[in-house]
Amino acid sequence: MRETRELTDIGGRDDLDVLLRRFYAAAFADPLIGPFFTEVAGTDLEVHLPRITDFWERALFRTAPYGRDAFAPHAALHSVRPLTPAHFGRWVQLWHATVDGLHRGLLADRARMTGERIAVSMLKRLGGPGAEAAAATGGTGGFVPLAALTLRAAA
C-alpha cells in the first residue's frame with residue numbers, strides 16, 4: 001500500500017527547486033512541448049533552473065531579485081518555431097499537475113493562477129497562430145485553461 005503524505009503549501013526556494021525540477025522533467029519529456037526545450041532552445045536545466053527559480057520566487061514571495069526579460073527567450077523560440085495555443089495549454093496542464101501533485105494552499109493557488117496568466121499573456125504578445133482570432137473574440141484562440149481545471153477537479 002502506498003503511503004500518502006499531506007500536501008503543504010509552497011514554503012520557499014527549496015520547495016520551488018523541487019517543484020521546478022519535477023515540472024521540467026515532465027516538460028522536457030512531453031512530445032508536444034519538449035522539443036522547444038530540448039531541440040529548439042537546447043535548454044541546460046542546471047543553467048536555467050536558478051534563473052527560473054528566481055522568477056518564481058519573485059512571483060510568489062516577492063523576495064528574489066529578477067531583472068531579466070522573461071518574454072525575450074519565448075519570442076526567440078517563437079521566431080524559430082511558432083508557439084501555438086496548444087503549446088501554452090499543454091504547459092499549463094503540466095504546470096497545474098506538477099503543483100497539484102506536490103502542494104496545496106494559497107501559494108500553490110497563486111502559482112497555478114500566475115502560470116495561467118503568464119501563458120495567456122505570452123500567447124497574446126507573441127501573436128502566434130490563433131492569437132489574432134483570440135484577441136478579436138477576447139479569448140485565447142484555442143488555449144483553454146479548463147484542462148487545468150479538470151486536473152484540479154480530479155486531484
Exercise. Between the main-chain N or O of Ala59 and the side-chain N or O of Arg62, is there a donor-acceptor pair closer than 3.5 Å?
Worked result: yes
Exercise. Leu49 and Val18: same hydrophobic cluster, using ILVMFWY side-chain contacts below 4.5 Å?
Worked result: yes
Exercise. Heavy-atom distance under 4.5 Å between the side chains of Asp100 and Trp95, does that happen here?
Worked result: no
Seminar exercise, completed: Rounded to the nearest 0.5 Å, the NE2 atom of His103 sits from the CZ atom of Arg112 at a distance of 10.5 Å
For this session: Could you tell me which residues satisfy salt bridge (charged side-chain N to carboxylate O under 4.0 Å, His left out) with Asp30, sequence neighbours excluded, listed by chain and number?
Result: Arg90
Exercise. Among all residues two or more places apart in sequence or in another chain, which pass the salt bridge (charged side-chain N to carboxylate O under 4.0 Å, His left out) test with Asp9?
Worked result: none
Seminar exercise, completed: Sequence neighbours excluded, the answer for salt bridge (charged side-chain N to carboxylate O under 4.0 Å, His left out) partners of Arg22 is none
Exercise. Is there a side-chain contact between Ile33 and Phe28 (heavy atoms, below 4.5 Å)?
Worked result: no
Exercise. So, do Phe23 and Trp91 have ring centers that fall under 6.0 Å from each other?
Worked result: yes
For this session: Measure the spacing between OG1 of Thr53 and CG of Leu20 and express it to the nearest 0.5 Å.
Result: 4.5 Å
For this session: With the side chain counted from C-beta on, respond yes when Arg104 and Thr8 share a heavy-atom pair under 4.5 Å apart, and no when they do not.
Result: no
Problem set entry | Ile118 side chain near Thr114 side chain, heavy-atom distance below 4.5 Å | yes
Exercise. Any side-chain heavy atom of His96 sitting closer than 4.5 Å to one from Glu116?
Worked result: yes
Problem set entry | Contact check, side chains of Tyr24 and His48, non-hydrogen atoms, under 4.5 Å | yes
Exercise. Judged by atom type as modelled, is there a donor-acceptor pair below 3.5 Å linking the side chain of Asp17 to the main-chain atoms of Arg13?
Worked result: no
For this session: May I ask you to test the Leu16-Ile10 pair for a side-chain heavy-atom distance under 4.5 Å?
Result: yes
For this session: Could you tell me the separation between the CD atom of Glu57 and the CD1 atom of Ile52, rounded to the nearest 0.5 Å?
Result: 12.5 Å
Problem set entry | Heavy-atom donor-acceptor pair, His87 side chain to Thr84 backbone, under 3.5 Å | yes
Exercise. What closest approach, in Å, do Leu126 and His78 show between heavy atoms, and which atom pair accounts for it?
Worked result: O-NE2, 3.5 Å
For this session: Determine whether Trp56 and Leu19 make a side-chain contact, defined as any pair of heavy atoms from C-beta on separated by less than 4.5 Å.
Result: no
